[in-house]
Amino acid sequence: DVCSSDLSLRHAGKRSEFLLGYTYGKSLDQSSSLAEAVNPLNPSLDRAISAFDLRHNFVASYNWQLPLGKISGGSRWAAGWSLSGISRLSTGMPVTLYNNNDTSLLGTIPNGINNNGVDTPDYAPGNLQANTDPRNGKPAFNTSLFSLPDLGHLGTSSRRFFYGPGVLNFDLALHKNVRLSESRSLELRIEAFNVFNHAQFYGSAAVNGNVTSTGFGQVVGADAPRQVQAALRFSF
């Protein structure tokens, strides 16, 4: 089951323009891919939020023609500069909890097609202590609430019911166009991705949800750090 709603706002002015977009979404399923086995006796027990569920997503794109030409008195090299960028703020992806010891004895252990069986940990309700900023070195959640179920029993935890760290990312570009002649022009671009070098612990596999692993609850994945590139383009 999938539901979503969108809201957008656009503005175009003489020297600037921007586009703002927000999406709310929710997705539920019994299995998000072939990698996840489904309970052969009662598939409804596997119903949970999807691995790709993204609840809140806000994206802004913008472009501003810098007034350097006016400040410099109409200098050819100061005019024509623009600053543009894309900013994204979103909640994290769900943390997938699994237990591949086949404690349920259903025989759905990883088999080359399914990477995860239907077994999940036992869950004792309590303070989950979800850590959405794991730069502090702490686990992504309170792992003491989870344990292996008794042999012959399914775990009491849902496959997914809480979320990992989200995204706070800014990409910026500084560019200038120089008209050399009627048919020739030069474009200079300096682009920075993740310009503030903010650690992005994001993705469906960013948090280790394997209760049998020594790294259970730890953040094990991150997006790229700040990257800067420059380009010069000659058109004729």
Side-chain angles (χ1 to χ4, degrees), residues 1 24-33 35-57 89-111 114-169 198-223 225:
D1 298 334
Y24 169 85
K26 184 177 182 180
S27 177
L28 301 170
D29 59 33
Q30 276 77 40
S31 178
S32 294
S33 69
E36 295 181 341
V38 178
N39 190 308
L41 302 180
N42 188 353
S44 65
L45 293 177
D46 291 328
R47 185 174 174 81
I49 54 179
S50 304
F52 47 82
D53 180 70
L54 187 59
R55 193 57 52 90
H56 303 282
N57 188 42
L89 292 80
S90 72
T91 49
M93 304 294 282
V95 176
T96 299
L97 300 164
Y98 55 97
N99 153 33
N100 285 335
N101 279 13
D102 191 32
T103 50
S104 66
L105 303 180
L106 289 175
T108 62
I109 57 177
N111 56 18
N114 299 316
N115 296 330
N116 298 320
V118 302
D119 292 87
T120 59
D122 270 344
Y123 171 59
N127 186 0
L128 193 59
Q129 300 174 14
N131 179 17
T132 58
D133 188 12
R135 289 179 293 178
N136 54 24
K138 297 180 180 179
F141 56 90
N142 184 2
T143 59
S144 66
L145 302 180
F146 300 89
S147 60
L148 280 174
D150 293 333
L151 195 63
H153 293 80
L154 284 167
T156 58
S157 172
S158 173
R159 288 184 301 131
R160 286 177 285 268
F161 66 95
F162 63 94
Y163 296 80
V167 172
L168 178 60
N169 185 67
H198 183 82
Q200 310 287 344
F201 305 100
Y202 176 75
S204 58
V207 178
N208 182 358
N210 184 358
V211 70
T212 62
S213 169
T214 55
F216 178 57
Q218 298 296 319
V219 175
V220 294
D223 281 353

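Computed from a predicted model, the values in this text were never measured in an experiment. Residue numbers start at 1 and run along the sequence shown.
- Proximity of a side-chain donor or acceptor of T108 to a complementary backbone N or O of V118 within less than 3.5 Å is detected.
- Under the rule for a ring-ring contact (aromatic ring centres under 6.0 Å, His included), Y202 has no partner lying at least two apart in sequence or in another chain.
- For residues 143-153, every residue pair satisfying the side-chain hydrogen bond (donor to acceptor under 3.5 Å, both in side chains) rule, not counting sequence neighbours, is listed here: N142-S144.
- Between V211 and Y123 there is no side-chain heavy-atom pair separated by less than 4.5 Å.
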side-chain contact (heavy atoms from CB on, under 4.5 Å) between T120 and L154, intermediate numbers included: CA-CA 7 Å; T120 59; L154 284 167; over 6 Å; no
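- Once rounded to the nearest 0.5 Å, the distance linking CZ of R160 with CD1 of I49 reads 7.0 Å.
- Sequence neighbours left out, not one pair with a member in residues 205-222 passes salt bridge (Lys or Arg N to Asp or Glu O under 4.0 Å).
- To the nearest 0.5 Å, atoms CD (Q129) and CG (L145) are separated by 7.5 Å.
- Legend: residues meeting side chain to side chain donor-acceptor pair (under 3.5 Å) with R47, ordered by chain and number and at least two apart, are D1.
- The main-chain N or O of A35 is found under 3.5 Å from a side-chain atom of S33 such that the two form a donor-acceptor pair.
- Note that NE2 of H198 and CG of D223 are 11.0 Å apart. Values are rounded to the nearest 0.5 Å.
- Atoms OG and CG, from S158 and D46 in turn, are 9.0 Å apart once rounded to the nearest 0.5 Å.
- With hydrogens and angles disregarded, no donor-acceptor distance shorter than 3.5 Å links the side chain of S31 to the backbone of V38.
- Judged by distance alone, with hydrogens and angles left aside, the side-chain atoms of S50 form no donor-acceptor pair with the main-chain N or O of S32 at under 3.5 Å.
- The line from CG of N208 to OG1 of T96 is 11.0 Å long, rounded to the nearest 0.5 Å.
- Qualifying side chain to side chain donor-acceptor pair (under 3.5 Å) partners for Y163, counting only residues two or more places apart in sequence or in other chains: D53, R55.
- To the nearest 0.5 angstrom, N99 atom CG is 8.0 Å from S104 atom OG.
- Using a distance-only test at 3.5 Å, with no hydrogens or angles considered, a donor-acceptor pair links the side chain of T91 to the main chain of H56.
- Residues that satisfy the salt bridge (charged side-chain N to carboxylate O under 4.0 Å, His left out) test with D29, not counting sequence neighbours, are R159.
- Remark: T212 pairs with N210 by the side chain to side chain donor-acceptor pair (under 3.5 Å) rule, at least two apart or across chains.
- Between F146 and F161, the ring planes are tilted. Angles from 30° to 60° get that label.
- Side-chain atoms of P94 and F162, non-hydrogen and from C-beta on, never get closer than 4.5 Å to each other.
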Test log, rule side-chain contact (heavy atoms from CB on, under 4.5 Å), inputs Y24 and L54: CA-CA 8 Å; Y24 169 85; L54 187 59; over 6 Å; no
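- Panel note: side chain N114, backbone N116; no donor-acceptor pair is recorded below 3.5 Å.
- Every residue two or more places apart in sequence or in another chain was checked for a side chain to side chain contact (heavy atoms under 4.5 Å, CB included) with A205, and none qualifies.
- Between V220 and V207, every side-chain heavy-atom pair lies at or beyond the 4.5 Å cut-off.
- By the side chain to side chain donor-acceptor pair (under 3.5 Å) test, N57 is found to be paired with R88, residues two or more places apart in sequence or in another chain being considered.
- Pairs passing the salt bridge (Lys or Arg N to Asp or Glu O under 4.0 Å) check and including a residue from residues 209-220, sequence neighbours excluded, do not occur.
- Contacts of Y98 classified as ring-ring contact (aromatic ring centres under 6.0 Å, His included), with partners at least two apart in sequence or in another chain: none.
- When every heavy atom of L97 is checked against every heavy atom of S157, the shortest pair comes out as CD1-OG, 3.3 Å.
- Remark: the backbone N or O of N100 is not paired with any side-chain donor or acceptor of D119 at under 3.5 angstrom.
- Not counting sequence neighbours, the partners of D133 by the salt bridge (charged side-chain N to carboxylate O under 4.0 Å, His left out) test are R135.
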CA sep, side-chain torsions, deciding dist, call: F141, N131, side-chain contact (heavy atoms from CB on, under 4.5 Å): CA-CA 6 Å; F141 56 90; N131 179 17; over 6 Å; no
